[in-house]
*Asks:* 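Please see the structure below; I have some questions.
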Amino acid sequence: MASQTWQKSSYSAANDNCVEVRAASGLVELRESDDGELILRTAPGAFANLLRTIKAGERDHHA
């Protein structure tokens, strides 16, 4: 992810209720598309670890 433009999840289709992500200043930034003022910033390694655990189903009990 090398772009500073926001990328919307392909799972959200035309829906505006989604999480967007981008890389900026060496960090990964996340926001909800309907509340663009609130941005969560994290290190790329921490974000990669989160994605890995989500894909492995390790966070399913939080849903």
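Sequential numbering from 1 along the given sequence is applied to the chain's residues. The structure presented is a predicted model; accordingly, all values stated were derived computationally and were not measured.
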*Asks:* Trp6 versus Val19: any side-chain heavy-atom pair under 4.5 Å?
*Replies:* no
*Asks:* Do Val28 and Val21 come within less than 4.5 Å of each other through their side chains, counting heavy atoms only?
*Replies:* yes
*Asks:* Any side-chain heavy atom of Ile39 within less than 4.5 Å of one from Arg41?
*Replies:* yes
*Asks:* Quick check: do Phe47 and Leu30 have side-chain heavy atoms less than 4.5 Å from each other?
*Replies:* yes
*Asks:* Under 4.5 Å between any side-chain heavy atoms of Glu58 and Arg52, yes or no?
*Replies:* yes
*Asks:* Compare every heavy atom of Leu27 with every heavy atom of Pro44, then report the nearest pair and how far apart it is.
*Replies:* CD-CA, 4.4 Å
*Asks:* Hey, could you give me the CZ/CG distance between Arg59 and Leu50, rounded to the nearest 0.5 Å?
*Replies:*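 Those atoms lie 6.0 Å apart.
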*Asks:* Using a strict 4.0 Å threshold on nitrogen-to-oxygen distance, state whether Glu20 and Arg31 make a salt bridge.
*Replies:* yes
